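Order of the sequence lines sets the chain letters (A, B, ...), proteins ahead of strands, with each chain counted from 1. Source: prediction; values computed, not measured.
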Number of protein chains: 2
Amino acid sequence: MAAAFAAIGGKWKLTLLYWLGHGESHFAGLRRRSAPITPKVLAEQLRELEADGLVERVATGPVPAPVIYRLTPYGSTVLPVVEGVRVWGEEHLRRSPAAGTPMSCVNAIA
Amino acid sequence: MAAAFAAIGGKWKLTLLYWLGHGESHFAGLRRRSAPITPKVLAEQLRELEADGLVERVATGPVPAPVIYRLTPYGSTVLPVVEGVRVWGEEHLRRSPAAGTPMSCVNAIA
């Protein structure tokens with residue numbers, strides 16, 4: 001069962017798919033929007049998303065032209081799921097801390 | 001944005017919420033169904049889910065009676081989202097490897 005959740009489970013993959021759903025991006029743009037992700041983790045997550053066929057790297061010209069990342073058509077099929085998680089998560093952040101300290105959220109933005 | 005995904009992002013939290021959606025469970029039962037999770041990671045994930053108000057620990061009697069874990073009513077509100085991720089993930093596992101080696105899935109079940 002964990003395997004079924006692995007391809008998009010993880011806050012970073014969900015975050016990256018969310019931003020790529022808004023349009024293609026350079027590595028630096030993804031890094032900025034996904035702060036505080038580290039370059040190492042970002043590169044690793046992008047490699048896994050690419051290996052899973054969700055994201056593609058596109059060279060914009062001969063080296064050293066920047067590479068852009070974008071969702072594949074298959075990657076776009078996951079956007080409704082990402083949106084479901086986002087809507088629930090935003091609502092969760094709005095809840096009163098009295099109902100439970102959002103520890104994992106605190107960790108995520110620390 | 002990562003914060004909105006943090007509370008349930010992660011393959012382990014999704015997996016644990018999925019199983020707890022089937023009914024309350026002891027630690028050992030969750031561990032078995034969520035293999036290959038380690039006890040340390042399981043305890044940590046359960047603590048975070050509890051701190052976020054999604055899961056509650058219930059003592060079934062005086063110590064050393066086992067503790068059970070179950071979804072809170074609030075935790076149940078996340079089940080449709082978990083189901084969306086699961087359905088997409090199961091479909092993803094069924095895809096031909098030709099369309100992209102499912103690296104993250106391989107890692108999850110290794």
Side-chain angles (χ1 to χ4, degrees), chain A residues 1-19 33-37 45 47-56 72 74-75 77-78 80-93 95-110, chain B residues 1-19 33-37 45 47-56 72 74-75 77-78 80-93 95-110:
Chain A
M1 185 48 58
F5 290 124
I8 57 169
K11 66 173 187 260
W12 294 129
K13 277 186 189 156
L14 287 165
T15 303
L16 293 171
L17 292 166
Y18 172 80
W19 285 119
R33 277 176 290 186
S34 305
I37 200 169
Q45 300 289 295
R47 261 197 310 273
E48 289 188 3
L49 289 169
E50 201 186 341
D52 275 337
L54 298 169
V55 166
E56 58 192 355
T72 61
Y74 175 57
T77 67
V78 83
V81 174
V82 173
E83 182 63 9
V85 179
R86 187 194 66 79
V87 167
W88 188 90
E90 296 268 347
E91 199 56 51
H92 179 68
L93 291 180
R95 273 167 57 94
S96 153
T101 313
M103 286 306 296
S104 53
C105 298
V106 168
N107 291 341
I109 58 179
Chain B
M1 186 47 58
F5 291 124
I8 57 169
K11 66 174 187 258
W12 293 129
K13 278 188 188 156
L14 287 165
T15 303
L16 293 171
L17 291 167
Y18 171 79
W19 286 119
R33 278 176 290 185
S34 306
I37 200 169
Q45 300 289 294
R47 262 198 309 272
E48 289 187 3
L49 289 170
E50 201 187 342
D52 276 337
L54 298 169
V55 167
E56 57 192 356
T72 61
Y74 175 57
T77 67
V78 83
V81 174
V82 173
E83 182 62 9
V85 179
R86 186 193 66 79
V87 167
W88 188 91
E90 297 267 348
E91 199 56 49
H92 179 70
L93 291 179
R95 274 167 57 94
S96 153
T101 312
M103 287 306 296
S104 53
C105 298
V106 169
N107 292 341
I109 59 179

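B:Arg86 and A:Ala4 make their closest contact through O-CB, 4.4 Å (heavy atoms, listed as atom of the first residue, atom of the second, distance).
Taken from CD1 in B:Ile8 to CG in A:Leu14, the straight-line distance is 8.0 Å, to the nearest 0.5 Å.
A heavy-atom distance below 4.5 Å is found between the side chains of A:Tyr18 and B:Phe5.
Both the backbone and the side chain of B:Thr77 come within contact range of chain A, with heavy atoms under 4.5 Å apart. Heavy-atom distances place the side chain of B:Leu54, and not its backbone, under 4.5 Å from chain A. Within the 4.5 angstrom heavy-atom criterion, no atom of B:Val87 approaches chain A.
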